[in-house]
Amino acid sequence: MSRYAASEIEPKWQKAWDEAGVFAAKRVEGKPKYYVLEMFPYPSGDLHIGHVRNYTMGDVVARYKIATGHAVLHPMGWDAFGLPAENASIERGIHPGVWTRQNIANMKKQFAMLGLSLDWSRELATCDPEYYGQQQAMFLDFLEKGLVYRKNAVVNWDPVDMTVLANEQVEDGKGWRSGAQVERRELTQWFFKISDYSEELLEALDRLDNWPDKVKLMQRNWIGKSRGLQFAFSLVDGPEGHDRVEVYTTRPDTLLGASFVGISPDHPLAKALEKANAELAEFNAECRKMGTAEEELEKAEKRGFDTGLRVRHPFDTAWELPVYVANFILMDYGTGAIFGCPAHDARDLEFARKYELPVVSTFAPAMGEAGTFILPENGGPAYVPPKTETVRYIKGFAGDEAQTGNDAIDAAIAFCEANGVGHGVTKFRLRDWGLSRQRYWGCPIPVVHCESCGVVPEKKENLPVVLPEDVTFDRPGNALSWHPTWRDVPCPSCGKPAQRETDTMDTFVDSSWYFARFTSPRAETPTEAAEAEYWMNVDQYIGGVEHAILHLLYSRFFARAMHACGHLPASAIEPFDALFTQGMVTHEIYMTRDANGRAVYHLPSAVKDGKLADGTEVEIIPSAKMSKSKKNVVDPVDIINQYGADTARWFVLSDSPPERDVEWTASGAEATSKHLARVWRIVTEIVEAPEDGAKPADKDLLREMHKAIHDVTMGIESFGFNTSVARLYAFTSALQKSEAGKAAKLEAAKALVQLMSPMTPHLAEELWSVLGGEGLVTEAAWPKADPAMLIDDEVTLPIQINGKRRSEITVPRDMAKDEIESLVMSDAAVVRALEGGASPKKLIVVPGRIVNVVI
RNA sequence: GGGGGCGUGGCGGAAUGGUAGACGCAGCAGACUUAAAAUCUGCAGGCCACCGGUCGUGGGGGUUCGAGUCCCCCCGUCCCUACCA
């Protein structure tokens, strides 16, 4: 008998699949299609164990769907543009394209080791002109449809690196790389008009039944629909050109509790006033400086600057309110101006107390709890009940005295509209999507700037606008801008010398339609109607929850925009039918402290039994995200070399539910490997056993087999891979211990191998051939459970007395209820409990499940 | 501040309102072996007057014949998000 040698069988079967072309997606009329997609990786150079988990899950689904008779599309590509490639250039003098393609080649080798059922003939990289040229074509289509436009926007500008920074690249108001003080600069940038779809993107979430609620909720919050009143305060003696301040509020019912008006430091009125007020100018400048920092904002002091200006209250022109510039008001939400109602907003209350402004309650708790309630004006906290709670209005002006916040808001909007004070509006938090990036390594925006014609779209026949190869990164900023000739082109409209746009697209654009491109990756148009019609939508999309908002929202927008331009059918505007967000793979961190109390991390190989080689106790931090600096990274290549891909695959599926994190442990990997070797041994022993006849134990084994088929199948279909794995362990034990004859054992072994094949395909393929299975197990039809074999002839019913388990009886499965009842009544434990003949209050018999005697 | 997830043996976890702890890890005992490894066979929530009983799914209430599961309150923990008017 041979031994299980993963390193021999894995390459062998990978080659066999390849030669048979079993994973090439083929349109077959009359066959149901299934499109499985895992989020494509950024080609950082190495696969990490998280990728292994992600892609193995997709692979299980894909292989299962192949076995159940589907035409499966399971493609892979590379999210290949982005900043790390440019950073590598700066650090190592290597061209971003060269670096990226090297990484792709390396990762592709690692992918191959995993034995995934991928159709590599459809491989694409977003940095290929073949791909991004089609993206440019779509950009032009979007432009024509008014889905892309240019406007000025404030950006974080790093004056040393001469680049725009994303919010997360600004730390403490300084550029993350250069450390330079970040400036807020206004640039003309391109935007996708995603806000046109705010309502639709929100409303359509309700129909995404197979998306996690968590993700839908995150998107809802991100889109942020709110209903409120927009109206103007008129200014008393405002500066030239300013006679009113427009505000937006979601609580118009508190209008009579207003005590001040606050405007953003970036508000046009603030800007007008600072010209004549040096002190205000300084205040504003200070506010702008702290712009983007994160959590400090929370603790940052709420500061205001009294402009001295006053506005009139819309319902009482004699009532004047002061106007403050306040550091907590954002220019890009609502109108950049608010009215403060300190009684019903914690932040406004803090502000009012600081600047000694009046606090006026407009409502108080309805009844009952009034006893302990302290009005904010008497020193209590701001009273902010849920809008669904009924409260008593003290200074209401519309509707009943006692009503819910929501009703009062409705009434207030109606009242204000009737009295000519503003109008009800719906606002969204969702902003248009700025796509301009001042970087080299991205998809060039295909427009030309002409002195006489302005901004002119490039002609489609001139696409792709290809990135120049001869660039250097020896000076900061966008390498495209420094290129000696690339910018110079004739104007597509008038033919006079003009200049290309040097901005490239946000890499989120690249990943917003790759799923559609996979349906016809080599087409000379972005998609091909027949292919897109057949393969879309993605039936199952799998990826990390970190993409819950931006990537998935942008993709949903893109699918709609592509449909508007004829690149996708109407049925594909929600491109992902089902979404699964998988958890991380974690690993313990081993830490000690140096003389100064600083943390020192140790590689797992340096730790034995919680101690270092020198005997020092190590602090163990469990379930930590893998990170190179914490030295707790597990390299899949090491694992595959040591145990084989099937072990790595089986491990990442076992134990934890797929949506939760799983902790990688050396002992777990060891155990997995042993288990696979055990399966190997059991199966080969069965094959080598001498022929014998049917045996009494055959039926039990086959019954176990059918139950395993049923349970494992259910597990795969419901993304309960961990329970499928557990079930396979149990079935393996049953097979090992079975006293059945050889024929029954062979049948059971074949089923075992088939059920394992989505998870450990190489081992399954090898054992399938050992068992004399026909063709490839990968292409064999998935076994079907016989419903008749799932039911046992006898069932054991637990007997509860007053809800506690006291005894049990074993009865034929279909025994009549009254027969069971009489059996139960004569059960020793029941007789004892009834103490000589009393009859129970109640006797509950749930057929096939349980009996409960209530005394 | 807002939102969400999670909380079950030493550990990872399982359980359509119906025998809590499947399966795996670690552990213990035994078999095989000169020995070890590997393998195989068992045992295994706590406590007790141990053929039985009792307590047990973060804590406290409730609904139910029956609650890990449903409802209310509280505690802990992790993640996301945030001056959103």
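Chain naming here is simple, since letters A, B, ... match the order of the sequence lines and numbering starts at 1 in each.
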Separation of B:A85 P from A:F260 CZ (nearest whole Å): 15 Å
N or O in side chain of A:R678 less than 4.0 angstrom from B:C40 OP1/OP2: yes
Separation between the C1' atoms of B:U8 and B:G13, rounded to whole Å: 9 Å
Sugar-phosphate only, base, or nothing, as touched by A:R220 at under 4.0 Å among non-hydrogen atoms: nothing
Between C1' of B:G1 and CG of A:N221, the distance in whole Å: 14 Å
A:R3 to A:W680 six-membered ring, cation-pi geometry met (6.0 Å, 45°): no
Nucleotide of B:A14, B:C65, B:C40 approaching A:N722 most closely (side-chain heavy atoms): B:A14
Touch class at under 4.0 angstrom, heavy-atom based, for A:Q800 against every strand present: base
Quiz item: cation-pi between A:K395 and A:F363, 6.0 Å / 45°: no
Pairwise P distance, B:G27 and B:C32 [rounded to whole Å]: 22 Å
Phosphate OP1/OP2 of B:A38 contacted by A:K674 side-chain N/O (<4.0 Å): yes
Side-chain N,O (A:R849) to OP1/OP2 (B:A15) below 4.0 Å: no
Whole angstrom value for the distance that separates C1' of B:G4 from CD of A:E659: 14 Å
Who pairs with B:G52 - Watson-Crick or G-U, where each distance is under 3.5 Å: B:C48
Candidates B:A22, B:U19, B:C83 - which lies nearest the side chain of A:R805: B:U19
N or O in side chain of A:Q736 less than 4.0 angstrom from B:C40 OP1/OP2: yes
Sugar-phosphate only, base, or nothing, as touched by A:I329 at under 4.0 Å among non-hydrogen atoms: base
Side chain to side chain, A:D345 and A:T254, heavy atoms closer than 4.5 Å: no
Rounded interatomic separation in angstrom, taking CZ from A:F651 and P from B:G12: 13 Å
Under-4.0 Å side-chain N/O to phosphate OP1/OP2 contact, A:K214 with B:G4: no
Length of the line joining A:W650:CH2 and B:C25:C1', which is rounded to integer Å: 15 Å
Separation of the C1' atoms in B:G12 and B:U57, to the nearest angstrom: 16 Å
Distance, P atom - from B:G5 to B:C71, rounded to whole angstrom: 12 Å
Glycosidic class, syn or anti, of B:C50 using a 90° window around 0: syn
Carboxylate-amine/guanidinium proximity below 4.0 Å for A:K745 and A:E685: no
Sugar-phosphate, base or nothing in reach of A:D213, heavy atoms under 4.0 Å: nothing
Sugar-phosphate, base or nothing in reach of A:V854, heavy atoms under 4.0 Å: sugar-phosphate
Opposite nucleotide pairing with B:G1, Watson-Crick or G-U, both atom distances under 3.5 Å: B:U81
Pair partner, B:C43 [Watson-Crick or wobble, under 3.5 Å]: B:G27
Distance below 4.0 Å between A:R660 side-chain N/O and B:C78 OP1 or OP2: no
Distance in Å, A:T713 OG1 paired with A:R727 CZ, rounded so as to fall on 0.5 Å steps: 11.0 Å
A:F721 and A:F719 aromatic ring geometry - parallel, tilted or perpendicular at 30°/60° bounds: tilted
Check: A:K427 side chain, B:C84 base, donor-acceptor under 3.5 Å: no
Phosphate-side-chain proximity, A:N802 and B:C65, N/O vs OP1/OP2 below 4.0 Å: no
Below 4.0 Å: OP1/OP2 of B:A85 and any side-chain N or O of A:Y333: yes
C1' atoms of B:A22 and B:A14, separation to the nearest Å: 5 Å
Distance in angstrom units between A:I850 CD1 and B:G17 P, rounded: 14 Å
From B:U81, B:G66, B:G53, nucleotide with atom closest to A:W222 side chain: B:U81
Phosphate contact (B:A85 OP1 or OP2) by A:R429 side-chain N/O below 4.0 Å: no
Among B:C23, B:C25, B:G12, the nucleotide that comes nearest once only the side chain of A:Y729 is considered: B:C23
SB check A:R703 A:D792 (cutoff 4.0 Å): yes
Euclidean distance for P, B:A49 against B:A36 (whole angstrom): 37 Å
Upstream residue (5' side of RNA chain B) when A:V545 and A:S667 are each assigned their closest nucleotide: A:S667
Short N-O contact, A:D206 and A:R220, less than 4.0 angstrom: yes
Sugar-phosphate, base or nothing in reach of A:L217, heavy atoms under 4.0 Å: sugar-phosphate
B:C23 versus B:A31 - spacing of their C1' atoms, nearest Å: 25 Å
Base paired to B:G18 (Watson-Crick or G-U; both N/O distances under 3.5 angstrom): B:C65
A:E286 CD - B:C83 P separation (whole Å): 19 Å
Rounded distance (Å) that lies between atom P of B:A14 and atom CG of A:D655: 10 Å
Distance, C1' atom - from B:G2 to B:G68, rounded to whole angstrom: 29 Å
Sugar-phosphate, base or nothing in reach of A:K225, heavy atoms under 4.0 Å: nothing
Exercise: do A:S654 and A:N722 side chains pair donor with acceptor under 3.5 Å: no
Touch class at under 4.0 angstrom, heavy-atom based, for A:S654 against every strand present: nothing
Chi-angle category of B:G9 [syn within 90° of 0, anti beyond]: syn
